[in-house]
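So you know, we letter chains A, B, ... as the sequences are listed, proteins then strands, and number each from 1.
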Amino acid sequence: MAKITPRSQDFSEWYLDVIREADLADYAPVRGCIVVKPYGWTIYEYMRDYLDKRFKETGHVNAAFPLFIPMSFIQKEAHHVQGFAPELAVVTHGGGEQLEEPLVVRPTSETIVGYSYAQWIKSYRDLPVLINCWNSVVRWEKRTKPFLRTMEFYWQEGHTAHATHEDALAEVLRMLDVYYAHMREDCALPGFRGRKSIHERFAGAINTFSVETMMGDKRSLQSCTSHDLGQNFARAFEIKYLDRDNTEKYCWTTSWGLSWRLLGAVIMVHGDDQGLRLPPKIAPIQVVIVPIFKNDTERAQVFETAEQVSRSLKAAGLRVKLDDRDETPGYKFNDWEMRGVPVRIEIGPKDVANRSVMVARRDLPGKAGKASVSLEGLSEHIHALLGEIHHSLLKQAEDFQNSNIRECFSWEEVKEAVQDGWALAPLEDNPANDEFIREQLTAKTLNFPLDQAEGEWTCVVSGRPVRERALIGKSY
RNA sequence: CGGGGAAUGGCGCAGAUGGCAGCGCGCACGGUUUGGGACCGUGAGGUCCCGGGUUCAAGUCCCGGUUCCCCGACCA
C-alpha cells in the first residue's frame, strides 16, 4: 500500500511522499542533491522540449559554455560577486596539484558568457546575440528540497546582448512572456508576471522580472526570472560594439532562466491526496489502458480490443501505455493515479460487447470523471479530452490562486491576508520596506505585477504615496 | 548557519530496565483470483547512518561526525 500523507495534513511530507511514490526522484548520497529517475526526467524533458521550441521560435540558438569559471571572472562585477560569494563551490585542486587560480563551479554563467561576447561582438551588425544554454549549475544551499532548491540544479540560462537598452528591455519582457506562455499552455500553471523589488533583484541586474505562482499551500514559488543587466556586465567584460556613427559603445545585456524547480511547481499546484496530476502535454504517459478480465477467454477478447485501442491512439499521436502487468485493476488504478496519468481507459468484457470503453479523467475524482465512450471516434474524443483536462487543471489552479489573494490597503489588512494567502497592496519599492515585511510577517514582496490597474495609494509600510501595488506572501 | 526532531531490509515502522534483529507492505516462486489498492503457501533480502568509547555482551549507554525532516536567516 502506497503511503502518501494527506496534503491537508502536512504539505511538506505530502510533497516528499509524492516524489518518492510517483518515482520522480531519489536522494543522492551527496547533501542537497537528488537523482532524477526516468519518470521524473521524462517530464522534465517534455518541459524542456516545449520551452526550447519557444526559444527557437523567438530567434534564439543554443550553445554551451564551461562548467568552470575562473574566480577572477566572478569578481569582476561587484554586485555579482557579493551576491554569489556565499554559495560558490570552488575547485582548488586539479590533477593532484593546487591550482594557481581557483575555479568556480558555475552558479550561473553571465561572467564566462560575457568573456566570449566581448570577443564575438565587434559591430552593431553583430547584434543582437541571442543565445540559450541548457546546463546545470551549483549553488551551495543551506537548506534544500527536491526540485525546489537543490545544490546542483538543471535549468536553461539565456544570455543576450543588444545595441540599445530599449532592445534589451524588450527582450527581457519577451522572455518573461515566453515563460508565462510555457507555464500556462504546456504546464497548466498560472502565475503573475511582475517586477521584483530592488531588494529581490538578481546580483548584478538593474531590474529583475519574475512569474510568481501560488502553490497548493498558498506559498509562492518564483517560477522563473528574466534580468535586465543594463551595461553592468558589458562594462565588467568590455562587451563593446562599433555603432553606425563609428563610436564604440557598451552593449546592453540580459539573462533569463527557468529551472527544474518548475517541475516542483507542477507537483505542488496540481497534485492531490492520490498523488501527482500531470498536465497532458508534459505527461510521459497520457493514456493508460487497464484491461479487465476473469478468465483466459475474456483475457483474449479484452486484449484484442485493448491492443487495437492502443494502436489507434498511438497512431493519433498520443502517448499510450497498455498495462499488462499481472496485478488487479484496482491496484493499477491507484498506481497510475499516483503517477498522475491524465486519462485512464478501462476495457472489460462488457465494454468489448458494447464496442465501448470506460474513460476516467485524473482531474475529476471518482465517478464524476468516469464515462463510457464508444470505440467509434475514440481517438478524437481522447484528444479533445486531454485538451479539456489541461484547461480544467489550469482553471482549478487559477481559481485557487485568485481566491487566496486579497486586496489590502493597510498594514493590518496585509498582516491578516498573509496569514492565509497573499496580499495585493500599495508598496513603495524600498529595501527597508521589504526588510520590514520579512521581519514582521516572515513573508516577502513577491513582485509588482505588470498587469495592474493604475492608481494612487499610500504605501502600507512607509505611508508614502505610491503608484503601484505589490504581491506579498510567504514563499519558497 | 542557529533552534527542534529523526536515521533499524526497497517503503512504513516496532524493538522498557544492555542479552539470538522483528512486523506490515513490497520483492521472487507456485496456485487460486481480477469492473477501485485480492488471497493462500514457500522463500530471498540487514555493515541496525558512520567512527570511536564503556561493557563479558551495544540497535539500545557515552563522545564525535554525516544525512534527512521541520522552523528561522540566505537563495532559482
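- Among the protein residues, A/K350 comes within range of the nucleic acid bases, having at least one heavy atom under 4.0 Å from a base atom.
- Judged purely by atom type and a 3.5 angstrom limit, A/T213 uses its side chain to pair as donor or acceptor with the backbone of A/P190.
- Listed by first and then second residue, the ring pair (Phe, Tyr, Trp, His ring centres under 6.0 Å) pairs that reach into residues 172-192 of chain A come to none, sequence neighbours excluded.
- Across the C1' atoms, B/A7 and B/G15 are found 15 Å apart, a figure rounded to whole Å.
- Distance noted for atom P between B/G12 and B/C68: 15 Å (whole Å).
- Where RNA chain B pairs in unbroken runs of 3 or more (Watson-Crick or G-U, both distances under 3.5 Å), the stems are B:1-7 with B:66-72, B:10-13 with B:22-25, B:27-32 with B:38-43, B:49-53 with B:61-65.
- Residue A/R139 is in base contact, counting any heavy-atom pair closer than 4.0 Å across all strands shown.
- One can place CZ of A/F202 at 18 Å from P of B/C74, the figure rounded to the nearest angstrom.
- As a whole-Å value, the separation of A/R143 CZ from B/C75 C1' is 12 Å.
- Its glycosidic angle being more than 90° from 0, B/A7 falls on the anti side.
- For A/F333, the side-chain atoms get nearest to B/G36 when compared with the rest of B/G36, B/C75, B/U33.
- Evaluation of the ring pair (Phe, Tyr, Trp, His ring centres under 6.0 Å) test over residues 320-372 of chain A, restricted to residues two or more places apart or in two chains, returns none.
- When heavy atoms are screened at a 4.0 angstrom cut-off, A/N295 is found touching no nucleic acid atom at all.
- The interatomic distance linking A/N334 (CG) with B/C11 (C1') rounds to 17 Å, in whole Å.
- Within the nucleic acid shown, A/G264 has no heavy atom closer than 4.0 Å to any nucleic acid atom.
- At the heavy-atom level, A/G257 lies nowhere under 4.0 Å from the strands shown.
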Chi angles and distances behind the salt bridge (charged side-chain N to carboxylate O under 4.0 Å, His left out) call for A/E212, A/K196: CA-CA 10 Å; A/E212 302 287 331; A/K196 292 299 258 185; 2.8 Å; yes

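- Here the CG atom belonging to A/L148 is positioned 11.0 Å from the CZ atom belonging to A/R143, to the nearest 0.5 angstrom.
- Put simply, A/Y15 has no side-chain N or O that comes within less than 4.0 Å of OP1 or OP2 on B/C69.
- Nucleotide B/G37 holds its P atom 12 Å from the CZ atom of A/R344, rounded to whole Å.
- Taking the P atom of each, B/C1 and B/U54 are spaced 31 Å apart, rounded to whole Å.
- Ring centroids of A/F153 and A/W260 are separated by 6.0 Å or more, keeping the two rings apart.
- Of the candidate nucleotides B/G35, B/U67, B/C75, B/U67 has the atom nearest to the side chain of A/R31.
- Note on A/D420 versus A/K218: salt bridge recorded, some NZ/NE/NH1/NH2 to OD/OE distance being below 4.0 Å.
- You'll find that the side chain of A/T442 is closest to B/A73, out of B/U34, B/A73, B/C75.
- Atom OG1 of residue A/T445 and atom CZ of residue A/R195 lie 10.5 Å apart, to the nearest 0.5 angstrom.
- Residue A/L51 holds its CG atom at 16.0 Å from OH of A/Y46, rounded to the nearest 0.5 Å.
- Among the protein residues, A/L258 comes within range of no part of the nucleic acid, since none of its heavy atoms lies under 4.0 Å from any strand.
- Among the protein residues, A/E346 comes within range of the nucleic acid bases, having at least one heavy atom under 4.0 Å from a base atom.
- The nearest whole Å value for the distance from the CG atom in A/D10 to the P atom in B/G5 is 17 Å.
- In this structure, the side chain of A/D429 engages the main chain of A/I198 through a donor-acceptor pair within 3.5 Å.
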Contacts under 3.5 Å, N or O only, protein and nucleotides 7-10 of chain B:
none

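- Rounding to whole angstrom units, CZ of residue A/R149 and C1' of B/C74 are separated by 8 Å.
- Here A/T150 lies in heavy-atom contact (under 4.0 Å) with a base.
- Rounded to a whole angstrom, the distance from the C1' atom of B/C48 to that of B/G22 is 12 Å.
- Counting atom types as modelled, A/K142 pairs no side-chain N or O with a base atom of B/G72 as donor and acceptor under 3.5 Å.
- Distance alone, capped at 3.5 Å, is enough to place a donor-acceptor pair between the A/K332 side chain and the A/D323 backbone.
- Atom OH in A/Y476 sits roughly 11 Å away from atom P in B/G72 (whole-Å rounding).
- A/P349 comes within 4.0 angstrom of a base, heavy atoms only.
- Taken residue by residue, residues 210-233 of chain A places heavy atoms nearer than 4.0 Å to RNA chain B at A/Q222.
- Ring planes of A/F202 and A/H227: parallel class, angle under 30° (limits at 30 and 60°).
- The aromatic rings of A/F11 and A/W14 sit tilted relative to each other, their planes meeting at an angle between 30° and 60°.
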Candidate pair A/E171 and A/R174, rule salt bridge (charged side-chain N to carboxylate O under 4.0 Å, His left out), full reasoning: CA-CA 5 Å; A/E171 168 75 1; A/R174 179 183 310 123; 2.5 Å; yes

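- Spacing between atom CD1 of A/I19 and atom C1' of B/C69 amounts to 13 Å, rounded to whole angstrom units.
- If you check B/U33, B/G36, B/C69 against the side chain of A/Y27, the one that comes closest is B/C69.
- Aromatic ring pairs are classed by plane angle as parallel below 30°, tilted from 30° to 60° and perpendicular above 60°; the pair A/F436 and A/W411 is tilted.
- Of the C1' atoms belonging to B/A21 and B/G64, the separation is 26 Å, rounded to the nearest Å.
- The shortest side-chain heavy-atom distance between A/R311 and A/V320 does not fall under the 4.5 Å cut-off.
- Along RNA chain B, the nucleotide nearest to A/G366 and the one nearest to A/A203 differ in position, and the one closer to the 5' end is contacted by A/G366.
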Quick test: give all pairs of protein nitrogen or oxygen and nucleotides 38-40 of chain B nitrogen or oxygen below 3.5 Å, distance rounded to 0.1 Å.
residue : atom : partner : partner atom : Å
B/A38   : OP1  : A/T328  : OG1          : 3.3
B/A38   : OP2  : A/T328  : OG1          : 2.7

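- With the nearest nucleotide of RNA chain B identified for both A/G348 and A/F84, A/G348 has the one nearer the 5' end.
- Exactly one residue among A/R54, A/K281, A/K53 makes a salt bridge (Lys or Arg N to Asp or Glu O under 4.0 Å) with A/E185. That residue is A/R54.
- Residue-level contact check: A/K370 touches the bases, meaning some heavy atom is under 4.0 Å from a base atom.
- Residue-level contact check: A/T108 touches neither bases nor backbone, having no heavy atom under 4.0 Å from any strand.
- Comparing B/G36, B/G37, B/U34 by their closest approach to the side chain of A/D335 singles out B/G37.
- Nucleotides B/G3 and B/G43 have their C1' atoms positioned 48 Å apart, rounded to a whole Å.
- Distance check on atom P: B/C40 versus B/C23 gives 16 Å, rounded to whole Å.
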